[in-house]
Amino acid sequence: MDFSDVIKTRRSIRQYSDRQIDDATVQRVLDAARMAPSANNTQPWHFVVVRDAARRAKLVELASGQSFIAQAPAVIAVCGKCYTSQHSWIGANMYLVDVAIAMDHLTLAARNEGLGTCWIGAFDHDAVHAFLEVPDTHRVVILTPLGYPLKTDAFQPTTRRYSLDSMISNEKFT
Ligand SMILES: Cc1cc2nc3c(=O)[nH]c(=O)nc-3n(C[C@H](O)[C@H](O)[C@H](O)COP(=O)(O)O)c2cc1C
(Lines give C-alpha, C1' and ligand atoms only; values in the text may rest on other atoms or scores of the structure.)
Protein backbone atom coordinates (compact mmCIF):
# COMPACT_ATOMS: atom_id res chain seq x y z
CA MET A 1 0.00 0.00 0.00
CA ASP A 2 0.99 3.61 -0.44
CA PHE A 3 2.49 4.87 2.84
CA SER A 4 0.20 7.89 3.03
CA ASP A 5 -2.86 5.66 2.57
CA VAL A 6 -1.67 3.37 5.36
CA ILE A 7 -1.38 6.35 7.71
CA LYS A 8 -4.69 7.90 6.72
CA THR A 9 -6.77 4.73 6.82
CA ARG A 10 -5.43 3.08 9.96
CA ARG A 11 -8.48 3.12 12.20
CA SER A 12 -9.54 1.55 15.46
CA ILE A 13 -11.43 -1.54 14.31
CA ARG A 14 -14.12 -2.79 16.69
CA GLN A 15 -15.84 -5.42 14.54
CA TYR A 16 -13.94 -8.45 13.26
CA SER A 17 -14.65 -11.35 10.93
CA ASP A 18 -13.71 -14.90 11.94
CA ARG A 19 -11.20 -15.19 9.09
CA GLN A 20 -7.99 -16.68 10.44
CA ILE A 21 -4.60 -15.01 10.06
CA ASP A 22 -1.71 -17.13 8.87
CA ASP A 23 1.43 -17.27 10.95
CA ALA A 24 3.59 -15.60 8.31
CA THR A 25 1.34 -12.55 8.31
CA VAL A 26 1.46 -12.24 12.09
CA GLN A 27 5.24 -12.55 11.87
CA ARG A 28 5.45 -9.72 9.33
CA VAL A 29 3.36 -7.46 11.54
CA LEU A 30 5.48 -8.20 14.60
CA ASP A 31 8.67 -7.81 12.60
CA ALA A 32 7.61 -4.25 11.76
CA ALA A 33 7.20 -3.59 15.48
CA ARG A 34 10.68 -5.03 16.03
CA MET A 35 12.12 -2.34 13.73
CA ALA A 36 10.97 0.51 15.99
CA PRO A 37 13.57 2.89 17.42
CA SER A 38 14.17 3.00 21.18
CA ALA A 39 16.33 4.86 23.67
CA ASN A 40 19.89 3.50 23.40
CA ASN A 41 18.42 0.83 21.11
CA THR A 42 17.27 -0.96 24.23
CA GLN A 43 14.25 -2.55 22.51
CA PRO A 44 12.35 -2.99 25.77
CA TRP A 45 9.31 -4.68 24.22
CA HIS A 46 7.87 -8.17 24.26
CA PHE A 47 4.76 -9.35 22.40
CA VAL A 48 2.45 -12.02 23.77
CA VAL A 49 0.23 -13.44 21.02
CA VAL A 50 -2.99 -14.96 22.38
CA ARG A 51 -4.93 -17.11 19.91
CA ASP A 52 -6.73 -19.56 22.17
CA ALA A 53 -10.46 -18.67 22.22
CA ALA A 54 -10.95 -19.23 25.96
CA ARG A 55 -7.90 -17.12 26.75
CA ARG A 56 -9.12 -14.33 24.45
CA ALA A 57 -12.47 -14.44 26.25
CA LYS A 58 -10.64 -14.08 29.56
CA LEU A 59 -8.88 -10.98 28.23
CA VAL A 60 -12.27 -9.48 27.36
CA GLU A 61 -13.34 -10.02 30.96
CA LEU A 62 -10.17 -8.27 32.16
CA ALA A 63 -10.64 -5.41 29.69
CA SER A 64 -13.95 -4.00 30.90
CA GLY A 65 -15.96 -6.48 28.86
CA GLN A 66 -14.94 -4.99 25.50
CA SER A 67 -16.26 -8.02 23.63
CA PHE A 68 -14.95 -7.08 20.19
CA ILE A 69 -11.44 -7.85 21.42
CA ALA A 70 -12.15 -11.59 21.29
CA GLN A 71 -13.91 -11.44 17.91
CA ALA A 72 -10.46 -11.17 16.36
CA PRO A 73 -8.54 -14.44 16.01
CA ALA A 74 -5.56 -13.03 17.87
CA VAL A 75 -5.00 -10.59 20.70
CA ILE A 76 -1.54 -9.15 21.23
CA ALA A 77 -0.34 -7.91 24.59
CA VAL A 78 2.44 -5.40 24.09
CA CYS A 79 4.67 -5.54 27.16
CA GLY A 80 7.53 -3.28 28.16
CA LYS A 81 10.55 -3.69 30.37
CA CYS A 82 10.81 -0.74 32.77
CA TYR A 83 13.98 1.31 32.47
CA THR A 84 16.21 2.44 35.27
CA SER A 85 16.75 6.18 35.82
CA GLN A 86 19.10 6.88 32.90
CA HIS A 87 16.16 6.85 30.53
CA SER A 88 13.99 9.29 32.47
CA TRP A 89 15.06 12.64 31.06
CA ILE A 90 11.58 14.19 31.12
CA GLY A 91 10.74 12.71 34.46
CA ALA A 92 8.84 9.80 32.99
CA ASN A 93 10.05 6.30 32.37
CA MET A 94 10.80 6.35 28.66
CA TYR A 95 10.17 2.65 28.07
CA LEU A 96 6.56 3.71 27.59
CA VAL A 97 7.59 5.92 24.68
CA ASP A 98 9.56 3.11 23.09
CA VAL A 99 6.78 0.58 23.51
CA ALA A 100 4.29 3.05 22.05
CA ILE A 101 6.44 3.48 18.95
CA ALA A 102 6.61 -0.30 18.51
CA MET A 103 2.86 -0.52 18.92
CA ASP A 104 2.37 2.16 16.28
CA HIS A 105 4.60 0.26 13.88
CA LEU A 106 2.48 -2.80 14.61
CA THR A 107 -0.81 -1.05 13.89
CA LEU A 108 0.46 0.46 10.63
CA ALA A 109 1.98 -2.82 9.44
CA ALA A 110 -1.30 -4.53 10.25
CA ARG A 111 -3.19 -1.96 8.19
CA ASN A 112 -0.81 -2.59 5.31
CA GLU A 113 -1.80 -6.29 5.49
CA GLY A 114 -5.53 -5.46 5.54
CA LEU A 115 -5.69 -6.27 9.25
CA GLY A 116 -7.45 -4.23 11.89
CA THR A 117 -6.18 -3.31 15.34
CA CYS A 118 -7.42 -1.21 18.25
CA TRP A 119 -5.28 0.17 21.05
CA ILE A 120 -6.80 -1.14 24.28
CA GLY A 121 -5.75 0.74 27.38
CA ALA A 122 -8.82 0.04 29.51
CA PHE A 123 -7.83 -3.19 31.22
CA ASP A 124 -6.99 -4.42 34.69
CA HIS A 125 -3.21 -4.30 34.49
CA ASP A 126 -2.37 -6.52 37.44
CA ALA A 127 -4.90 -9.16 36.43
CA VAL A 128 -3.67 -9.29 32.81
CA HIS A 129 -0.06 -9.29 34.02
CA ALA A 130 -0.77 -12.33 36.19
CA PHE A 131 -2.93 -14.07 33.58
CA LEU A 132 -0.21 -13.85 30.91
CA GLU A 133 2.51 -14.74 33.44
CA VAL A 134 4.47 -11.61 32.59
CA PRO A 135 7.61 -11.28 34.71
CA ASP A 136 7.83 -8.49 37.29
CA THR A 137 10.51 -6.77 35.20
CA HIS A 138 7.81 -5.96 32.62
CA ARG A 139 4.43 -4.26 32.51
CA VAL A 140 1.61 -4.82 30.06
CA VAL A 141 1.41 -1.47 28.31
CA ILE A 142 -1.33 -2.03 25.76
CA LEU A 143 -3.47 -4.74 24.20
CA THR A 144 -4.76 -4.99 20.67
CA PRO A 145 -6.99 -7.37 18.81
CA LEU A 146 -5.56 -8.38 15.43
CA GLY A 147 -7.95 -9.52 12.75
CA TYR A 148 -9.67 -8.84 9.47
CA PRO A 149 -12.45 -6.25 9.79
CA LEU A 150 -16.01 -7.49 9.51
CA LYS A 151 -16.92 -4.67 7.15
CA THR A 152 -15.13 -4.16 3.85
CA ASP A 153 -15.34 -0.37 4.21
CA ALA A 154 -13.91 -0.26 7.74
CA PHE A 155 -10.70 1.51 6.75
CA GLN A 156 -12.07 5.00 6.15
CA PRO A 157 -9.90 8.08 6.70
CA THR A 158 -10.80 9.83 9.93
CA THR A 159 -12.36 13.28 10.04
CA ARG A 160 -11.97 13.46 13.83
CA ARG A 161 -8.69 15.35 14.15
CA TYR A 162 -7.91 18.95 15.07
CA SER A 163 -6.58 21.12 12.26
CA LEU A 164 -2.87 21.16 11.54
CA ASP A 165 -2.77 24.93 12.11
CA SER A 166 -4.09 24.48 15.63
CA MET A 167 -1.10 22.38 16.66
CA ILE A 168 1.85 24.15 15.05
CA SER A 169 3.66 27.32 16.07
CA ASN A 170 6.95 28.82 14.96
CA GLU A 171 9.97 29.70 17.09
CA LYS A 172 8.05 29.47 20.38
CA PHE A 173 4.92 27.84 21.71
CA THR A 174 1.94 30.06 21.01
C1 LIG B 1 -3.44 4.69 24.70
C2 LIG B 1 -4.76 4.39 24.03
C3 LIG B 1 -5.71 3.65 24.72
C4 LIG B 1 -6.93 3.32 24.09
N5 LIG B 1 -7.83 2.50 24.74
C6 LIG B 1 -8.95 2.11 24.09
C7 LIG B 1 -9.83 1.16 24.70
O8 LIG B 1 -9.62 0.66 25.81
N9 LIG B 1 -10.95 0.79 24.00
C10 LIG B 1 -11.22 1.28 22.74
O11 LIG B 1 -12.24 0.87 22.15
N12 LIG B 1 -10.39 2.16 22.13
C13 LIG B 1 -9.26 2.59 22.77
N14 LIG B 1 -8.38 3.44 22.14
C15 LIG B 1 -8.66 3.88 20.75
C16 LIG B 1 -9.03 5.37 20.64
O17 LIG B 1 -10.33 5.55 21.11
C18 LIG B 1 -8.90 5.78 19.15
O19 LIG B 1 -7.56 5.60 18.74
C20 LIG B 1 -9.31 7.25 18.91
O21 LIG B 1 -10.67 7.43 19.19
C22 LIG B 1 -9.05 7.66 17.45
O23 LIG B 1 -9.74 6.81 16.55
P24 LIG B 1 -8.95 6.00 15.41
O25 LIG B 1 -7.97 5.08 16.10
O26 LIG B 1 -10.01 5.22 14.66
O27 LIG B 1 -8.24 6.98 14.54
C28 LIG B 1 -7.20 3.79 22.76
C29 LIG B 1 -6.20 4.52 22.09
C30 LIG B 1 -5.00 4.80 22.69
C31 LIG B 1 -3.94 5.53 21.90
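If you're wondering where the values come from, they're calculated on a predicted model, not measured in any experiment. Read the numbers this way: they start at 1 and go in the same order the structure lists the ligands and their atoms.
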Is there a side chain to side chain contact (heavy atoms under 4.5 Å, CB included) between H129 and D124 once you walk through the steps? CA-CA 8 Å; H129 189 272; D124 179 336; over 6 Å; no
Decide yes or no on salt bridge (charged side-chain N to carboxylate O under 4.0 Å, His left out) for R28 and D31, but give the supporting numbers first. CA-CA 5 Å; R28 281 195 301 277; D31 203 44; over 6 Å; no
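Residues V75 and V128 fall within the same hydrophobic cluster, defined by Ile, Leu, Val, Met, Phe, Trp and Tyr side chains chained together at heavy-atom separations under 4.5 Å. Tracing side-chain contacts under 4.5 Å through hydrophobic residues (I, L, V, M, F, W, Y), one never reaches V141 starting from V134; they form parts of separate clusters. Residues V26 and L59 do not share a hydrophobic cluster, defined by chaining ILVMFWY side chains whose heavy atoms lie under 4.5 Å apart.
Between the choices P145, A100, S64, S12, the shortest heavy-atom distance to atom 18 (C) of ligand 1 belongs to S12. Nearest-residue assignment for atom 16 (C) of ligand 1 (options R11, R14, R10; heavy-atom criterion): R14.
Taking the ring centre of F155 as origin, the terminal cationic atom of R10 falls outside the region bounded by 6.0 Å and 45° from the ring axis.
Residue contacts with ligand 1 for A63 are absent, since no atom lies close enough (heavy atoms, distance under 4.0 Å). The proximity of Q156 to ligand 1, defined as any non-hydrogen pair under 4.0 Å, does not occur for either the backbone or the side chain.
Considering backbone and side-chain N/O of T158, none are found under 3.5 Å from N/O of ligand 1. For ligand 1, none of its N or O atoms has an N or O atom of F68 under 3.5 Å away. An N or O contact shorter than 3.5 Å is missing between I120 and ligand 1 by distance.
Ring geometry, F68 versus Y16: the interplanar angle falls under 30°, so the pair is classed parallel (tilted spans 30 to 60°).
Nearest protein heavy-atom neighbour of atom 13 (C) of ligand 1: W119 O, 2.8 Å. Considering only non-hydrogen protein atoms, atom 22 (C) of ligand 1 sits nearest to R161 NH1, 3.8 Å. When hydrogens are left out, the protein atom nearest atom 21 (O) of ligand 1 is R160 NH1, 3.8 Å; that is the closest non-hydrogen contact. Scanning the protein heavy atoms around atom 9 (N) of ligand 1, the nearest turns out to be Q66 OE1, 2.7 Å. From the protein, the heavy atom lying nearest to atom 3 (C) of ligand 1 is G121 N, 3.7 Å.
In this structure, atom 6 (C) of ligand 1 has a protein heavy-atom contact shorter than 4.0 Å.
The existence of a salt bridge linking D5 and K8 is excluded, since no basic side-chain nitrogen approaches an acidic carboxylate oxygen closer than 4.0 Å. D23 has a carboxylate O that lies under 4.0 Å from a charged side-chain N of R51, or vice versa, which qualifies the two as a salt bridge.
Residue A122 approaches ligand 1 through these ligand atoms, each under 4.0 Å from one of its heavy atoms: 8 (O). In summary, the atoms of ligand 1 found under 4.0 Å from a heavy atom of C118, numbered by their order in the structure, are 10 (C), 11 (O), 12 (N).
Checking D98 against Y83 by side-chain atom types alone, a donor-acceptor pair falls below 3.5 Å.
Using a 4.0 Å heavy-atom cutoff, F123 is absent from the residues neighbouring ligand 1.
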